[in-house]
S.K.: 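Quick one: the structure is below, questions incoming.
For the numbers below, each heavy atom of this structure counts, side chains included, while hydrogens, waters and symmetry mates do not. We count residues from 1, following the sequence as given.
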Amino acid sequence: MITKPFACVLMAAFAMPAFAADDCVSFKEGWIRLPPMASMPMAAGFGQVHNACSAPVAVTAARGAEFAEVSLHESTVVDGVNRMREVERLPVAAGKDVAFKPGGLHLMLMGIKQPLQDGQRVALTLVLEDGREVPAELVVKKQGG
């Protein structure tokens with residue numbers, strides 16, 4: 001038999017929204033390259049995912065209110081040709097960092113809702129495979145971070 005107080009606690013636990021990642025996963029040194037023209041509908045974001053947890057994690061999504069869509073991408077050079085592909089799952093080993101940097105992994109920020117300004121701080125959320133969320137702040141910069 002389930003007691004009324006226990007049932008209330010159980011219902012509250014299942015009704016809780018997505019939860020923030022433990023302090024062991026963080027995003028640091030975030031920045032966005034300011035697009036060369038204010039009318040450009042996309043930009044790229046960079047920084048580092050740091051996993052201080054004792055277990056590996058994987059980033060599977062990202063979002064931000066300033067953009068229609070945020071996705072993980074990777075740029076590579078294959079046979080002298082630049083290519084870019086979407087990354088659906090980005091593993092981050094326990095105790096390691098994964099860097100988003102120009103010419104490699106990056107956050108594709110599409111559908112910019114308002115022109116970005118140099119020095120502006122932009123909030124994003126990275127979503128882990130297990131549903132935890134990692135807050136991220138990126139600073140808009142005219143040149144590299």
Side-chain angles (χ1 to χ4, degrees), residues 6-145:
F6 178 74
C8 290
V9 169
L10 191 60
M11 287 186 335
F14 284 108
M16 291 176 75
F19 45 96
D22 299 332
D23 290 338
C24 62
V25 181
S26 61
F27 188 83
K28 56 189 180 179
E29 301 174 18
W31 63 282
I32 296 171
R33 180 182 289 147
L34 183 66
M37 297 183 304
S39 62
M40 287 190 72
M42 65 183 71
F46 309 100
Q48 290 183 24
V49 177
H50 176 67
N51 180 11
C53 301
S54 60
V57 298
V59 180
T60 56
R63 65 177 179 274
E66 302 286 331
F67 311 99
E69 184 180 346
V70 179
S71 57
L72 310 172
H73 277 75
E74 182 176 31
S75 296
T76 57
V77 178
V78 178
D79 296 327
V81 178
N82 289 328
R83 301 194 187 273
M84 187 169 50
R85 69 175 181 89
E86 188 168 357
V87 175
E88 293 183 18
R89 183 179 184 277
L90 178 64
V92 184
K96 299 292 182 183
D97 291 344
V98 171
F100 291 89
K101 58 187 178 182
L105 287 168
H106 59 280
L107 294 162
M108 214 48 225
L109 310 169
M110 297 173 279
I112 299 171
K113 294 180 180 176
Q114 296 291 324
L116 298 171
Q117 305 293 320
D118 187 37
Q120 177 181 352
R121 296 186 178 280
V122 177
L124 294 180
T125 300
L126 303 179
V127 181
L128 302 182
E129 190 170 53
D130 62 9
R132 291 182 294 163
E133 297 182 347
V134 178
E137 183 179 78
L138 292 80
V139 178
V140 179
K141 297 183 179 188
K142 286 184 181 178
Q143 297 193 359

S.K.: Would you mind checking if E66 and K113 are paired as a salt bridge, meaning a charged N to carboxylate O distance below 4.0 Å?
M.R.: no
S.K.: What is the minimum heavy-atom distance between V98 and P91, and which atoms define it?
M.R.: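 Where V98 meets P91 most closely, the heavy atoms are CG2-O, 3.7 Å.
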S.K.: Can you tell me how far the CZ atom of F100 sits from the CE atom of M108, to the nearest 0.5 Å?
M.R.: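 Result: 13.0 Å between the selected atoms.
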S.K.: Once rounded to the nearest 0.5 Å, what's the spacing between atom CG of L90 and atom OG1 of T60?
M.R.: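 Atom-to-atom, L90:CG and T60:OG1 are 10.0 Å apart.
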S.K.: Are any non-hydrogen side-chain atoms of V87 and V59 less than 4.5 angstrom apart?
M.R.: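 No, side chains not in contact.
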S.K.: Please report the shortest heavy-atom distance between I112 and M40, naming the atom on each side.
M.R.: CD1-O, 3.7 Å
S.K.: Which atom pair, heavy atoms only, marks the closest approach of L107 to A62?
M.R.: CD2-CB, 4.3 Å
S.K.: Looking at R63 and E133, is any side-chain nitrogen of the basic one under 4.0 Å from a carboxylate oxygen of the acidic one?
M.R.: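 Yes, E133 and R63 are salt-bridged.
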S.K.: What side-chain donor-acceptor pairs closer than 3.5 Å can you find for residues 41-58, not counting sequence neighbours?
M.R.:
residue, atom, partner, partner atom, Å
H50, ND1, D97, OD1, 2.3
N51, OD1, C53, N, 2.9
N51, ND2, A55, O, 3.0
N51, ND2, V92, O, 3.1
N51, ND2, A93, O, 3.3

S.K.: Using only atom types and a distance under 3.5 Å, with no angle test, would you say the side chain of D130 pairs donor to acceptor with the backbone of R132?
M.R.: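 Judged by distance alone, yes, a pair lies under 3.5 Å.
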S.K.: Report yes if the side chains of V140 and W31 come closer than 4.5 Å at any heavy-atom pair, otherwise no.
M.R.: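 The answer is no; the side chains never approach within 4.5 Å.
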S.K.: As an exercise, state the distance from CG of L138 to CD of Q120, rounded to the nearest 0.5 Å.
M.R.: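 One finds 11.0 Å between CG of L138 and CD of Q120.
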S.K.: Taking side-chain contact (heavy atoms from CB on, under 4.5 Å) as the criterion, tell me which of V139, L109, I32 meets it with V122.
M.R.: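 Of the listed residues V139, L109, I32, the side-chain contact (heavy atoms from CB on, under 4.5 Å) partner of V122 is I32.
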S.K.: Could you measure the distance from the CZ atom of R33 to the NZ atom of K141? Nearest 0.5 Å is fine.
M.R.: 12.0 Å
S.K.: Considering residues, nucleotides and ligands other than E86, do more than 12 of their heavy atoms fall under 6.0 Å from its CD?
M.R.: yes
S.K.: Can any side-chain N or O of K142 pair as donor or acceptor with the backbone N or O of L34 at less than 3.5 Å?
M.R.: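 A pair under 3.5 Å: no.
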S.K.: If you draw a 6.0 Å radius around CD in E88, do more than 12 non-hydrogen atoms from other residues or ligands fall strictly inside?
M.R.: no
